[in-house]
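By convention in this document, chain letters (A, B, ...) are assigned in the order of the sequence lines, proteins followed by strands, and residues within each chain are numbered from 1. All heavy atoms count here, side chains included; hydrogens, waters and symmetry mates do not.
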Amino acid sequence: MVITSVTDGTPNPTGRNHCEDLIRATDACPAPTDRLPTDAAQHAPRTDPMRLTRYFLPVLKETPSEAQIVSHRLMLRAGMIKQASAGIYSWLPLGFKVLKNIENIVHEEQQKAGHIPLLMPTIQSADLWRESGRYEAYGEEMLRITDRHDREMLFGPTNEELITDIFRANVSSYKDLPLTLYHIQWKFRDEVRPRFGVMRGREFLMKDGYNFDLTREDALHSYNRHLVTYLRTYERMGLQAIPMRADSGPIGGDDTHEFLVLADTGESEVFYDSEITDLKFGDRAIDYDSHAECQGVLEEFTSRYARTDETHDEALFAEIPEERRRSARGIEVGQIFYFGTKYSDAMGATVSDSEGNRVPVHMGSHGIGVSRLVGAIIEASHDDKGIIWPEGVTPFHVGIVNLKQGDGEADAACESLYGQLNAMGLEPLYDDRNERAGGKFATMDLIGLPWRITVGPRGLKNGVVELTSRRTGVSEELTPDAALAKIAAIYGKAG
RNA sequence: CGGGGCGUAGCGCAGCCUGGUAGCGCAUCUGUUUUGGGAACAGAGGGUCGUAGGUUCGAAUCCUAUCGCCCCGACCA
């Protein structure tokens, strides 16, 4: 590891889409900076950070003592995060890339459904929360701040009040409905006892979306539509997240489902019909405007028994054939709510309907724990050597391991692969350090890139390199061109 | 917020009981030899021992206070 430049957080090239400019614009990423003297002619270009002698990847051999669960340990060891204080983390380059990849997927799937991104502030005024009655109700979890004028402020734990305020100030006709606005923003909940790294931090990145509809029926369609977007979102991240009937908690409301990823370290006990784990949304086409289609998906994915301990019903559970009853642990990675007119009544968010009557809008809110997902994915996908990233979120698409740095042929072959992968729009991470093979393999296994190309003089004599799957450990010897073609096919790129 | 534990080099730890030159492993830097699953040798750099008081000729060590972090419980995404 040589600390020379700061990655610019360029979005994952597989995620090119209509929202990328928005994402870039909100990142505030620093430009690459040079910090080395100019005598480094033998080094790689400093503006080319995707090789390990240039990248910032502070991996640890030993596990820091504070980490209890595997995702926390691996995130620290892989140089993804550094704790800043209890429950608050800096995201180092590798972790930041994964976080951004997850964020990109969430953006894409929301916008496919016609949901509109915006950005609300982290710091909010207490007055707004007094209107909804939640300033007192929220309790110690809310971080309260006083500014220099003694105004009461707070670091937002969620955004129903702000979005409702935006809505009521700007929308007054049923003709502007339906409307769904969402953002991805940092939140703060002052947990008594943060733990498990980013899985239960105090500061966390969350997507929260809010739908505004004229009628209950329309709002329930919005609810169903969100359920579909969430199924697609989690599947793209390589996760199976099961929607379970849940408790509405402080948000309030009638209908709510939580999405849980099964993992031994989950905070919730869950009970479900084993048939539910066979369900896949897959790449089926869906018309988000069709009430019937979205309703159909909701029924398909929620008709079987699946509940957390909060809503578990032994009698209903007992109706499932015994061999299909399952109890397990789950990590909550999202929740959708329909809460009707709770906030619109309290805060006066009304529109004129077609007959000129002022009516409160029907609302729902829908959250995805973006930063928490980084930990959840690792919990669901790792082995004793390290992380195993699903292709959809991996920080780099493929690792290139040069077994004999300084060997002319090996160096040239690696440079060629590196250049061609970049030209395809993929992001390789080239381990060009002067390390022994074992050290390079251990690092690659730890940081979990799904594919590794191993290049050494021995193979090159026969015109081959080795392509290895991190997940299966299976290697095959291929010509460099064949290896590139396979990688291209895996990521859907033209070779 | 109740109960427990820990703050000594970037990381992991010993030293504290019984006060007297601040150590070990990994990592880092230099050199040589190495190089297909975390290399070997030689050398080097890096710590006001969390902070503040107190006791003492002398404090990492004893006492008091305070801050931080971790674990169990309650709570929570």
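- Side chains of A:Tyr430 and A:Asn402: a donor-acceptor N/O pair is present below 3.5 angstrom, by distance only.
- Annotation: cation-pi geometry satisfied between A:Arg51 and A:Tyr418 (NZ/CZ under 6.0 angstrom from ring centroid, within 45° of ring axis).
- The nearest heavy atom of RNA chain B to A:Leu403 and to A:Val198 marks one nucleotide each, and the one closer to the 5' end goes with A:Leu403.
- Whole-Å rounding puts the A:Asp384 CG to B:G37 P distance at 18 Å.
- Between A:Lys440 and B:G38 there is no side-chain N or O to OP1 or OP2 distance below 4.0 Å.
- Contacts of A:Gly406 with the nucleic acid, taken as non-hydrogen atoms under 4.0 Å apart, are absent.
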Please list, pair by pair, any protein nitrogen or oxygen found under 3.5 Å from a nitrogen or oxygen in nucleotides 7-13 of chain B.
| from | atom 1 | to | atom 2 | distance (Å) |
| --- | --- | --- | --- | --- |
| B:C11 | O2 | A:Glu62 | OE1 | 3.2 |
| B:G12 | OP1 | A:Ser65 | N | 3.0 |

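- Taking the ring axis of A:Phe396 as reference, the NZ or CZ atom of A:Lys97 stays within 45° of it and closer than 6.0 Å to the ring centre.
- When rounded to the nearest whole Å, the span between CG of A:Asn434 and P of B:C29 equals 12 Å.
- The distance between atom CZ of A:Phe56 and atom P of B:U28, rounded to the nearest whole Å, is 14 Å.
- For A:Gln83 and B:G68, the shortest distance from a side-chain N or O to OP1 or OP2 is not below 4.0 Å.
- Contact annotation for A:Gln68: backbone-only contact, meaning every heavy-atom pair under 4.0 Å involves sugar-phosphate atoms and none involves a base.
- Put simply, CD on A:Glu203 is 17 Å from C1' on B:C76, counting in whole angstrom units.
- B:G43 and B:C29 make up a base pair, with Watson-Crick or G-U wobble contacts both under 3.5 Å.
- Counting any heavy atom pair closer than 4.0 Å across all strands shown, A:Gln405 reaches no nucleic acid atom.
- At whole-Å resolution of the value, CZ in A:Arg195 and P in B:G4 are 18 Å apart.
- Taking the C1' atom of each, B:G19 and B:U55 are spaced 11 Å apart, rounded to whole Å.
- One finds no side-chain N or O of A:Arg436 lying less than 4.0 angstrom from the OP1 or OP2 phosphate oxygen of B:G38.
- Base pairing of B:C57 is made with B:G20, judged by Watson-Crick or G-U wobble geometry with both donor-acceptor distances under 3.5 Å.
- The cationic atom of A:Arg130 (NZ for Lys, CZ for Arg) lies less than 6.0 Å from the six-membered ring centre of A:Tyr135 and within 45° of the ring axis.
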